[in-house]
2 protein chains.
Amino acid sequence: MEHILPNLAKGRAPLEPEKLIRREPLEPGTFKRMIRKMGLKVTQQRLAILESLSAGRAHVTAQEVFETVNARYPEIGFATVYRFLRKMAEQKMVTEVRMGGLPARYELTPRRHHDHLTCKLCGQIVEFESPQIEALQEQVAKEHNFRLTHHVLELYGDCARCRTG
Amino acid sequence: MEHILPNLAKGRAPLEPEKLIRREPLEPGTFKRMIRKMGLKVTQQRLAILESLSAGRAHVTAQEVFETVNARYPEIGFATVYRFLRKMAEQKMVTEVRMGGLPARYELTPRRHHDHLTCKLCGQIVEFESPQIEALQEQVAKEHNFRLTHHVLELYGDCARCRTG
DNA sequence: CCCCTAATTGACACTCGTTCTCATTTATGA
DNA sequence: TCATAAATGAGAACGAGTGTCAATTAGGGG
Ligand SMILES: [Mn+2]
Ligand SMILES: [Mn+2]
Ligand SMILES: [Zn+2]
Ligand SMILES: [Zn+2]
């Protein structure tokens, strides 16, 4: 039984596409507003990147965004994708998710914070919220006189289907 | 006030060396036993790497290990350090700690599991244990029918000293 | 609506951490 | 002692991400 994570790193498709998390696509017009809110100019490239982030699966790599956008917009450069993703991450408009040494994955920052539970075998990502864990994190920080700014919590394991199948 | 993490990535020395976490050095002879337990051959290089990991500060990069070992053992190669660290990480003899996109840091796996609270400003790393958080993580995994194998929990913030001046 | 200008873009060279390759050396158990 | 598989060192290669720079473009002021 082979672990998928190293394969994902090499760009191979994940095994269970029907299980990939997707989001409701936003109505167009939202994108222009988002870009303007960041104090940036509205370009076709940026609109295409946002559209791709909004419509497709969550947790995509910069490469995947580039390929999606490139399909409809062949002259876009990948530096543009990286630059815009970085800028949006700085402004917390998108959230960077890193699993080990793998390429960063991005998702449009959801209204409610969540963390991730990832199956090492099939790559499936489950999102979860745990106010209790969040509260305990704050408590740990307070005990050490830190002002907490952010955290990374990633759980890894084997999902039910992979274990039994 | 400049953030140190990007600087650490470029090899600049951390600001508060007196605060770096160090461990008790192990008595020699332990190392040979550790290597044999992993089913590997005992070589001078591996002994030197283990000695460096055991004696110096915790949470070192492969680069730092290489430089330390290289000082006493100039003909050692880079690849040897990476290879051995990787093998030890696979066997959980060392633990890999990754902060964002920065180079991986390694520490000899301590008897008791802990997680990390890092100051974004001075790079100080505080280790903490929270059985409560660990238990809640298990519970989350169980709710989603995952068998938990490991997790990454890194807290980031500003330490008291950095905030006040 | 048209300019002007700063912002943005695309191509591609580059960095940097890490891994791979392969010819040579070495540890170890028979 | 020997045979052999494991380990090593040098350096090439890799892959994600960033920098450079000349060309293009968005969009506010006229
Ligand atoms: Mn998510
Ligand atoms: Mn530690
Ligand atoms: Zn699975
Ligand atoms: Zn600090």
Side-chain angles (χ1 to χ4, degrees), chain A residues 5-12 31-50 60-67 69-70 72-91 94 96-106, chain B residues 5-12 31-50 59-67 69-70 73-91 94 96-106:
Chain A
L5 294 187
N7 300 336
L8 284 175
K10 293 187 181 129
R12 198 188 299 180
F31 302 139
K32 287 193 180 181
R33 233 172 297 129
M34 293 171 67
I35 298 172
R36 293 223 171 87
K37 194 178 352 167
M38 291 188 280
L40 301 173
K41 292 188 174 179
V42 175
T43 65
Q44 287 314 305
Q45 292 90 329
R46 283 169 176 171
L47 288 173
I49 291 168
L50 275 176
V60 284
T61 63
Q63 262 310 315
E64 287 164 355
V65 174
F66 170 72
E67 280 159 24
V69 174
N70 189 251
R72 305 212 169 191
Y73 200 86
E75 68 278 23
I76 196 173
F78 59 79
T80 302
V81 173
Y82 273 105
R83 270 187 301 236
F84 189 43
L85 285 175
R86 200 200 321 163
K87 205 154 272 183
M88 286 196 291
E90 280 163 12
Q91 318 236 355
V94 303
E96 225 185 55
V97 181
R98 282 175 186 275
M99 322 194 312
L102 301 176
R105 290 178 175 271
Y106 300 87
Chain B
L5 295 188
N7 299 335
L8 285 175
K10 294 186 179 129
R12 196 189 299 180
F31 301 138
K32 285 193 182 180
R33 231 171 300 129
M34 293 170 68
I35 297 173
R36 294 224 171 86
K37 192 175 356 162
M38 291 189 280
L40 301 173
K41 293 186 173 179
V42 175
T43 65
Q44 288 313 305
Q45 292 91 325
R46 284 169 174 171
L47 288 172
I49 291 168
L50 275 175
H59 314 119
V60 285
T61 62
Q63 257 313 312
E64 287 164 356
V65 173
F66 170 73
E67 279 159 23
V69 174
N70 189 250
Y73 201 87
E75 68 278 24
I76 195 173
F78 227 34
T80 302
V81 174
Y82 273 104
R83 269 187 301 235
F84 190 42
L85 285 175
R86 199 198 325 159
K87 205 153 272 185
M88 285 196 292
E90 279 163 13
Q91 318 237 354
V94 304
E96 224 186 55
V97 181
R98 284 176 186 272
M99 323 194 311
L102 300 177
R105 291 178 175 272
Y106 300 87

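Since this is a predicted model, take the numbers as computed values, not measurements. The sequence lines fix the lettering, A, B, ..., with proteins before strands; numbering per chain opens at 1.
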Spacing between A/Leu47 atom CG and D/dA26 atom C1', to the nearest angstrom: 12 Å
In whole Å, I'd like the distance from the CD atom of B/Gln63 to the C1' atom of C/dC16. 10 Å
When you measure from the side-chain N and O atoms of B/Thr80 to the phosphate of D/dG9, is any distance below 4.0 Å, counting only OP1 and OP2? yes
Looking at the side chain of B/Arg46, which of C/dC20, D/dT8, D/dT18 is the nearest nucleotide? D/dT8
Please report the distance, rounded to the nearest Å, between CZ in A/Phe78 and P in D/dA16. 11 Å
If I take atom CG in residue B/Leu40 and atom P in nucleotide C/dT28, what distance separates them, rounded to the nearest angstrom? 10 Å
Length of the line joining B/Gln44:CD and C/dA27:P, which is rounded to integer Å: 8 Å
Nearest-Å distance, OH (A/Tyr82) to C1' (C/dT15)? 14 Å
Side-chain N or O of B/Thr43 closer than 4.0 Å to phosphate OP1/OP2 of D/dT8: yes
Taking A/Arg36 for its side chain and A/Val42 for its backbone only, find out whether a donor-acceptor pair lies under 3.5 Å. no
So if I take every side-chain heavy atom of A/Glu75 and compare against C/dT18, C/dG10, C/dT9, which nucleotide ends up nearest? C/dG10
Pick the nucleotide of DNA chain C nearest each of B/Arg98 and A/Arg83; which residue has the one closer to the 5' end? A/Arg83
Grab the CZ-P distance between A/Arg105 and D/dG15 for me, whole Å please. 16 Å
Contact summary for B/Ile35 and B/Lys41, nearest pair of heavy atoms: CG2-O, 3.5 Å
B/Thr61 side chain near C/dG17 phosphate (N/O to OP1/OP2, under 4.0 Å): no
From the candidates D/dT8, D/dT20, C/dC20, the one with an atom nearest any side-chain atom of B/Gln45 is D/dT8
Which atom of B/Glu96 lies closest to which atom of B/Ala104, heavy atoms considered: CG-CB, 4.0 Å
Provide the closest heavy-atom pair for A/Phe66 versus A/Ile76 in the form atom of the first, atom of the second, distance. CE1-O, 3.4 Å
Rounded interatomic separation in angstrom, taking NZ from A/Lys41 and P from D/dT24: 16 Å
Starting the side chain at C-beta, find the nucleotide from C/dT18, C/dT8, C/dC20 nearest to B/Ala104. C/dT18
Residues A/Glu64, A/Arg105: salt bridge by 4.0 Å N-O rule: yes
